[in-house]
Amino acid sequence: MNLLISNGTVLPMTEKDKFFKAAVGISGNRITMVSSDEAEIESFRKSNPDLTEIDAQDKVVMPGLINTHTHVSMVLMRGYSDDVELMDWLSNHIWPLEAKLTNSDVELGAELGIAEMLLGGTTSFIDMYHYDHAVAKAADKTGIRATVSPFFLDSRMPLFMEDLEKALEFCKGKETLNVMIAPHAPYTCSDDAFKVGMTTADKYDLNFHIHLNETAGETPGYIETHGESPVRHLEKLGLFSRPTVAAHCVYLDPEEMDILAKHGVTAAHNPKSNMKLASGFAKTKEMLQHGMNVSLGTDGAASNNNLDMWEEMRSASLMQKALTLDPLAIPAYTALEMATVNGAKAMGMENELGIIKQGALADIILVDLKGLPHHYPEQPNILSSLVYSCRASDVDTTIVNGKIKVRNHILLNTDIDSLGQRCTERLTALTKK
Ligand SMILES: [Zn+2]
């Protein structure tokens, strides 16, 4: 299918603070034209007589948002356990419930989470969960772009291998699906487990996705047993020789930031989860100054409680201003970069995703700025409206890989009421005493 998005304000994310009126042409799954020239636009119409044209008057046309760290199926546990101390939350609430989840629960939760993400303009996500092949299945069904990361920890090696093989088999040859390997965290994986993970990553040529330095308590204990911090130890083990997405990175010293920057490690920053679980404030401004790539994630909905990347952008900016007492710490354009171009780098798809330019993949969203009270008075600077005022529900259209998934704020081919009802029934059954 070919598409023409006309009359919109295009925010290409290719040059700082730049946006302009233009039309975007899509042929198949690629962007083939970005133009303000009426003759060129007309010629695109003529050469594609069967195209679908979307009038984007009063809308921003921008790259789809990239959620680089989530456990999407945890939407099943949304609101299940809030306002609880972290270890109590994990040990007595989340882990016992997760132990009961089946493949089909993981797939069902993923369908609901993906519906929420697509409606809010998220077009790609990187997941980490039990039975992540079931998340890949849900992603394939809905058409969202996804990288799934079957995870291991010391007690889960055989299950991990089984999950990984299933994920690789399912994702093989599917252009919107990818696989990473996820060591759960330094404190749950021994060196031997890491070595198995690295050999497996070499065998299948896969990148890594890990939780790193999420809480203040992790590093002192790790230094006691390993003689050095997780970042320094993992570097010596050779983990970072492959592209790595490290979720959280709340506690890093400047030297560790240099190590991660040197190896091109992405910090997937999850500001809302870090605040809700009282984990702390990641120093994203400093990480960027040290040359690290910093992207954004929602983490699982049990610690958020939604998968809204607009709230993450706004929180990332506000948290850093408050932390550094510097109102310029993460300006609007930087927050947008974290949610788009930096996310594309995390996925290993730099120049393919997170931007609007000729040749890039057609993952595009249209955002309403008219008719909504929270966007008035009209701002000449749309960046400010997008980061500081926008809501997920302002997303009018979501296109993934050239295919329309959301139009006029409606997710196509999905009955949200019935999907939500099935999730409610399943949670009730799972939590029955
Ligand atoms: Zn996580």
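Start at 1 and go down the list; that is how both ligands and their atoms are numbered.
- Annotation: protein N, O or S atoms under 2.8 Å of the Zn ion (ligand 1) (waters excluded) comprise His69 NE2, His71 NE2, His211 NE2, Asp299 OD1.
- The aromatic rings of His69 and His209 sit perpendicular, their planes meeting at an angle over 60°, well past the 30° parallel limit.
- Considering only heavy atoms from C-beta on, Glu286 stays 4.5 Å or farther from Leu252 through its side chain.
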Quiz: residues 340-349 side-chain donor-acceptor pairs under 3.5 angstrom, not counting sequence neighbours:
| from | atom 1 | to | atom 2 | distance (Å) |
| --- | --- | --- | --- | --- |
| Thr340 | OG1 | Leu336 | O | 2.7 |
| Asn342 | ND2 | Val294 | O | 2.9 |

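- In this structure, His184 and Tyr187 have perpendicular ring planes: the angle between them is above 60°, well past the 30° mark.
- A salt bridge does not link Asp308 to Lys272: none of the charged nitrogens lies less than 4.0 Å from a carboxylate oxygen.
- Using bins of under 30°, 30° to 60° and over 60° for the plane-to-plane angle, the ring pair Tyr129/His71 lands in the tilted bin.
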